[in-house]
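Shown next, in structure tokens, is the structure this report addresses.
Both counts, for ligands and for their atoms, begin at 1 and track the order of listing.
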Amino acid sequence: MNSKITLAISKGRILEDTVSLLERMGMAPVEDLNKTRKLLIDTEDPNVRVVVIRATDVPTYVQYGAADLGIAGKDTLMETQGEGIYELLDLGICKCKLMVAGRSELPDPGKRLKVATKYVRSAQQYFAQQGKQIEIIRLYGSMELAPLTGLADLIVDLVDTGNTLRANGLQPLEHIEDISSRLVANKASLKVRVGTLQNIVEQFRNAIEES
Ligand code: PRT
Ligand code: MG
């Protein structure tokens, strides 16, 4: 077993904020993540290395213990069953909202609404709580197109500034959840390597309190 702690971090939109947090903690990756092709990288902290993977893969690495810790959006975490994963901290980065959006006000409730989303689990749960019967249409991107082309009545997607919705003639309709990135841990690692992990979590806590 590698004695270093492995921290899974996401490529894409979360990366910049994650790296500035790690820099403040003295845990910056030793290579420039925008340039290197390496995916497993040492950090300034000799006890910690990072794996840089797709946002949606972070919970999987942590769940199976391939990474001891991970940083992932709450949206991504809500879509995974989360067994074997423990959410430790709200890092307060990459904030946005998970929302229902559509062309205007909610369409005719008499009809079974079609909802396009990649957040299938969260959408199902939300509409079930509302007692609404819906049909989910799973998409992997550009959800905003669905109501414009008649593929769906509504979408469930992340909203930050609202610019993407506006540019496509859509409106935010209902708020489902506030989203930010979270520090998660593998449950078994937390037991086996409790001392080391507690230290790292404390470093994260201090870094987010400073900011
Ligand atoms: O692309 P891949 O499958 O690898 O993964 P991913 O698409 O999940 O990764 P990425 O990098 O696109 O996003 C990673 C994480 O960033 C998400 O899981 C969220 O936790 C977080 N995040 C924060 C966002 C946004 N804000 C956001 N605004 N992710 C996506 N958006 C998109 C949204 O889907 C919509 O298309 O931005 C658009 C809306 O933005 P506004 O500002 O126009 O409202
Ligand atoms: Mg993406």
(request) Just let me know how K118 lines up against ligand 1, side chain, backbone, both or neither, with a heavy-atom cut-off below 4.0 Å. (result) side chain
Can you get from [X] to [Y] by hopping between Ile, Leu, Val, Met, Phe, Trp and Tyr side chains that sit under 4.5 Å apart?
X: V159; Y: L170; result: yes
X: V156; Y: I179; result: yes
X: V52; Y: M25; result: yes

Going by the atom numbers of ligand 1, which of them fall below 4.0 Å from some non-hydrogen atom of [X]?
X: N163; answer: 43 (O), 44 (O)
X: V159; answer: 44 (O)
X: G73; answer: 20 (O)
X: C96; answer: 22 (N), 23 (C), 25 (C), 26 (N)
X: I14; answer: 14 (C), 15 (C), 16 (O)
X: T76; answer: 18 (O)
X: C94; answer: 23 (C)

(request) For ligand 1, find out whether one of its N or O atoms is nearer than 3.5 Å to an N or O atom of G12. (result) no
(request) Look only at interatomic distance and state if K95 has a nitrogen or oxygen under 3.5 Å from any nitrogen or oxygen of ligand 1. (result)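 There is no such contact.
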Among [options], closest by any non-hydrogen atom to [atom]:
atom: atom 2 (P) of ligand 1; options: R54, E144, K11, E79; answer: R54
atom: atom 20 (O) of ligand 1; options: L98, D75, D17; answer: D75
atom: atom 41 (P) of ligand 1; options: I179, D157, T161; answer: T161

Touching ligand 1 at all, [X]? Heavy atoms, strictly under 4.0 Å?
X: R182; answer: no
X: G162; answer: yes
X: K74; answer: no

(message) Whether K74 and E87 form a salt bridge (side-chain N of Lys/Arg under 4.0 Å from carboxylate O of Asp/Glu) is what I want to check.
(response) yes
(message) If the threshold is 4.0 Å, N to carboxylate O, is there a salt bridge linking D153 and K111?
(response)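 Answer for the salt bridge query: yes.
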(request) For residues 30-43, pull every pair meeting side-chain hydrogen bond (donor to acceptor under 3.5 Å, both in side chains), keeping only residues two or more places apart or in separate chains. (result)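 As it turns out, the side-chain hydrogen bond (donor to acceptor under 3.5 Å, both in side chains) pairs with a partner in residues 30-43, which skip direct neighbours, are K4-D42, E31-T36, E31-K38.
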(request) Using modelled atom types only, decide if a donor and an acceptor are shared between the side chain of R49 and the backbone of T6 within a distance under 3.5 Å. (result) no
(message) Within the supplied structure, the quantity of interest is the number of heavy atoms (other residues, nucleotides, ligands) at a distance under 6.0 Å from K187 NZ; does it exceed 12?
(response) yes
(request) Using the test side chain to side chain contact (heavy atoms under 4.5 Å, CB included), find all partners of T18 that sit at least two apart in sequence or belong to another chain. (result)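 For T18 the side chain to side chain contact (heavy atoms under 4.5 Å, CB included) partners, ignoring immediate neighbours, are I9, I14, L22, I71, I93.
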(request) Side-chain contact test, heavy atoms from C-beta onward, threshold under 4.5 Å: evaluate it for Q203 versus D45 and give yes or no. (result)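 Side chain of Q203 against side chain of D45, heavy atoms only: contact under 4.5 Å found.
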